Structures are given as C-alpha cells and as structure tokens.
Novice: 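Structure in structure tokens, see below.
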Amino acid sequence: MESCKGREGDEVKCVWVHGPIIVGAGPSGLAVAACLSHHGLPYVILERTDCITSLWQHRTYDRLKLHLPKHFCQLPFMPFPHHFPKYPSKNQFISYLHSYASRFNIRPRFNQSVQTAHFDPASQFWVVRTNDFQYISPWLVVATGENADPVIPSILGIDNFHGPILHTSVYKSGSHYKNKRVLVVGCGNSGMEVSLDLCRHNASPYIVARNTVHVLPREMFGFSTFGIAMALLKWLPIKLVDKLVLVLARLMLGDTARYGVRRPKTGPIELKLITGKTPVLDVGQVAQIRSGNIKVMEGVKEITRNGAKFMDGQEKEFSAIILATGYKSNVPTWLKSRECFTEDGMPKTAFPMGWKGENGLYTVGFTRRGLLGTASDAVKIGEDIAEQWKSVKDKSYRNSHMILLKST
C-alpha cells in the first residue's frame, strides 16, 4: 500500500490489486469470491456496511422465506444443509451465507463504500475510490445487484400524512399494528406478504393494486410451480407453458380479477423473462383477500393527513402507510464507465450474456432470475478470469500482489 493522487488531486491510500475488485458482499459477491477461490485466484471484496449480506440481515421482514425451493437458491460449490426445510427462513438463509463465507475464507473489507469507479484507458486499469482508499485492478466485478436501494415513490400529498410511513426495507413485523388500519402500496411479493403478516397480527391491511400482477400457487400437486414450469420449458414453447400454468392457477385460486387483482396479458413466465417482473407466489394471501381480511384498492389518487383518496372515489383513514415499492440498482451513482449499463443501472446485454462487459468489467446479480441466475453468472465469471490469469507471465508480479493484499 502506498499514497497516490486521487482524481480530485487529494492524496489517498492506494491498494494495487492483481486479482479482481468485487463491489458488494451480498450473495452475488460471495458467489463470485468463492468461484475465484475455486480457481486459486486472489481478490478484494468491498462492502459498504459492516457485515455480509446486509440486505438480508437488516432490510427484510421477520416472516420472510425463500420463495423457491432451496435447490434453486444455493450458491456454487455448497448446497444447503439437508436438515433445512424446503423453503428456508430468513435466518436459515443468513446462517447458510455465513457458513458459505467461512468455508471459502471470504473476508470482505467492510465499511468501504464505493464513491466512484472508472476505467483508465491509459493504464488499462480500473480505479475504485472508497471513502478512504483507492483500489486499482485489471478487473472489476459489479456485485451490488438489482436490489441495492429501496424505491421511494412520489405520491401526491404524502408529506401531509400524520402517521408513520415506512418502506418494506425497514418493516419487521405486524405486531406493531394490531387493530390498526394500514395502507400497503404495492402488490408484488413483498406487498402481498406484508399484508398477510399484518392479517396474522390482527391488523386491517388495504393493498393498492394499481398495476396488473400474476398470482400463482407456490406449489401445485406438491411440487414447486417454478420447478414445474422449468421442467415443461424443456419440452414445450413458453406460451403453451404459460397457458397451462394459468389454467391450473385459476383452478386452484379462482379468478383473482374478481377480487381486484388483474392479470397481465403476457403470461407469467414470459413476462418474468422479458421484464424481470416476478409473479406473486401465494402462501395464503388469496384466501385472506377472498375473505375480505385483505382489501384490494385500485390506486391512490392522493394521500391526506389522515389517510388516502382512491381512484374510484373512496376515501379511507389509516394509521400507517407501508411502501412495498421494491428496490433498484445503485450502479449509476458510482460507476462512471457505464457503457455496458442502462440509465436504470441494469446491463444493456440481456441474459445469458449480460455477465461480461468490456475492459475487464463483469456483473453478477442482475439477471432478474434470482439466486439461480446469480450462481450461473458467478461460475462463468470465475472461469473467464481464470483463463486470463493463466496468461499473466510475470509471476513475480502476481506473487508480490498476493503478499501486498495480505498485509493491508
């Protein structure tokens, strides 16, 4: 480590990294780190918080479980423990990630919030600036994922509301809302599950379903709906698979449009692959909607001091508002060389080739295909960098940087 000049001319501590720089110590960053270790490659992993997988540890509600069976969610080279249930809980998944980091000796540099990252054409290196260091490497792996920061919508009058307004990233349990009427804005998996959690704590949730959404049973005939769809796709065209899934969903759940939850015209699997919009997997929400315990509202026109006015002319009072409005990529806030990314911070190249950019840039966690896509991309990244590593002829240079990394 030595001092050097930053882009603004100030003196910063420089760390020369011969292996890749990985930004983010969530499941995506851990998966890439394990794949690099598998090939015997060094790396530095930078994490803005003080722990691994901070989104899962600090920004998820208590009742959260994996939406898909565990074998679809495991990271490379390490399956879930056999004694874990089919759908592991939040705490079980976090323990799995800690075990994963321990097994592959993954030690991120914590409290290293990346301020900027850019590719220097003259030196052919990536320069990554954090709050107190400047890291330099031939490779940069963007592992912050598509769910880095919460989306806070702009709703007319929301600043006038007298009660608490919180995003699902800080919601923990419905125990604080017993016997209260709560407005949940958003009808994706988070909005639906938070509404169900509120019901189970004797609250009265009203969920806003402004947009269309597919609701599917989590399981059909004892098998994962996702697993059934993936198996059928090996033999049948996607549109036919969607028709079959929707016929079965209607038989099991009824016509959700009768309760205010309208389906998109595009089928659930095709819509997921094209836009990344995930269908809601029902674990009891539809029954609560059918019984009236969860009330579906068409859309919010305006937030008032005591509640909300809706598009259909109704006006209701609420004790709290929960924003189940999802997350977004934070890549545009720090990556200056964004030729490979859209304005929304997603790779311009679609899956399955979006994992590799130009000039040693890689992305993982942006497939919109969950942990299965993350694991697939992490393996490809590890193999690709390993091939390049073999071409490095100056072995003394390689070893000197391995020593340097251990001493910083």
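What you see below is based on every heavy atom in this structure, not just the backbone, and it leaves out hydrogens, waters and symmetry mates. Quantities reported herein were computed from a predicted structural model and do not represent experimental measurements.
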Novice: Dump the intermediate steps for salt bridge (Lys or Arg N to Asp or Glu O under 4.0 Å) on R368 and E146, then the final yes or no.
Specialist: CA-CA 8 Å; R368 288 174 168 160; E146 58 204 44; 5.2 Å; no
Novice: Tell me, please, whether Y87 has R218 positioned over its six-membered ring: NZ or CZ under 6.0 Å from the ring centre and within 45 degrees of its axis?
Specialist: yes
Novice: Angle class for the W389/W139 ring planes (parallel below 30°, perpendicular above 60°, tilted otherwise)?
Specialist: tilted
Novice: For W56 and F93, run ring-ring contact (aromatic ring centres under 6.0 Å, His included): C-alpha distance rounded to whole Å, both residues' side-chain angles, the deciding distance at 0.1 Å, then the answer.
Specialist: CA-CA 9 Å; W56 277 87; F93 184 58; 4.5 Å; yes
Novice: Enumerate the residue pairs fulfilling ring-ring contact (aromatic ring centres under 6.0 Å, His included) with a member in residues 303-340, sequence neighbours excluded, ordered by first and then second residue.
Specialist: H167-Y327, Y206-F318
Novice: Decide salt bridge (Lys or Arg N to Asp or Glu O under 4.0 Å) for R290 and D255; before the verdict, give the C-alpha distance in whole Å, the side-chain angles of both, and the deciding distance to 0.1 Å.
Specialist: CA-CA 10 Å; R290 192 183 297 122; D255 181 8; over 6 Å; no
Novice: Can you list everything that forms a side-chain hydrogen bond (donor to acceptor under 3.5 Å, both in side chains) with R250? Sequence neighbours excluded, please.
Specialist: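 Partners of R250 under the side-chain hydrogen bond (donor to acceptor under 3.5 Å, both in side chains) test: none.
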Novice: Does this structure show an ion pair linking K356 with D384, if we count only N-O contacts that are shorter than 4.0 Å?
Specialist: yes
Novice: Would you mind checking if E47 and R109 are paired as a salt bridge, meaning a charged N to carboxylate O distance below 4.0 Å?
Specialist: no
Novice: Are the side chain of K328 and the backbone N or O of A148 linked by a donor-acceptor pair below 3.5 Å?
Specialist: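 Looks like no, no N/O pair under 3.5 Å.
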Novice: Can you sort out the partners of R263 under salt bridge (Lys or Arg N to Asp or Glu O under 4.0 Å), two or more places apart, ordered by chain and number?
Specialist: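 By the salt bridge (Lys or Arg N to Asp or Glu O under 4.0 Å) rule, R263 matches no residue at all.
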Novice: Under 4.0 Å between a Lys/Arg side-chain N and an Asp/Glu carboxylate O for K180 and E317?
Specialist: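 The answer is no: the pair does not qualify as a salt bridge.
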Novice: Does the ring-ring contact (aromatic ring centres under 6.0 Å, His included) test come out yes or no for F72 and F226, once each step is laid out?
Specialist: CA-CA 9 Å; F72 288 116; F226 177 80; 5.0 Å; yes
Novice: Identify whether the distance between the nearest side-chain nitrogen and carboxylate oxygen of R200 and D62 falls below 4.0 Å.
Specialist: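 Salt bridge flag = no for D62 with R200.
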Novice: For D197 and Y171, which I'm curious about, is there any donor-acceptor pair between the side chains at under 3.5 Å?
Specialist: yes
Novice: When L371 is tested against each of S28, P27, S376 for side-chain contact (heavy atoms from CB on, under 4.5 Å), which residue passes?
Specialist: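 The side-chain contact (heavy atoms from CB on, under 4.5 Å) with L371 is passed solely by P27 among S28, P27, S376.
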Novice: So, taking the atom named OG in S329 and the one named CG in D344, what distance separates them when rounded to the nearest 0.5 Å?
Specialist: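 So the gap between those two atoms works out to 8.5 Å.
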Novice: So that I know where these two stand, are H201 and Y177 an aromatic pair - ring centroids less than 6.0 Å apart?
Specialist: no
Novice: Between L64 and E193, is there a side-chain heavy-atom distance shorter than 4.5 Å?
Specialist: yes
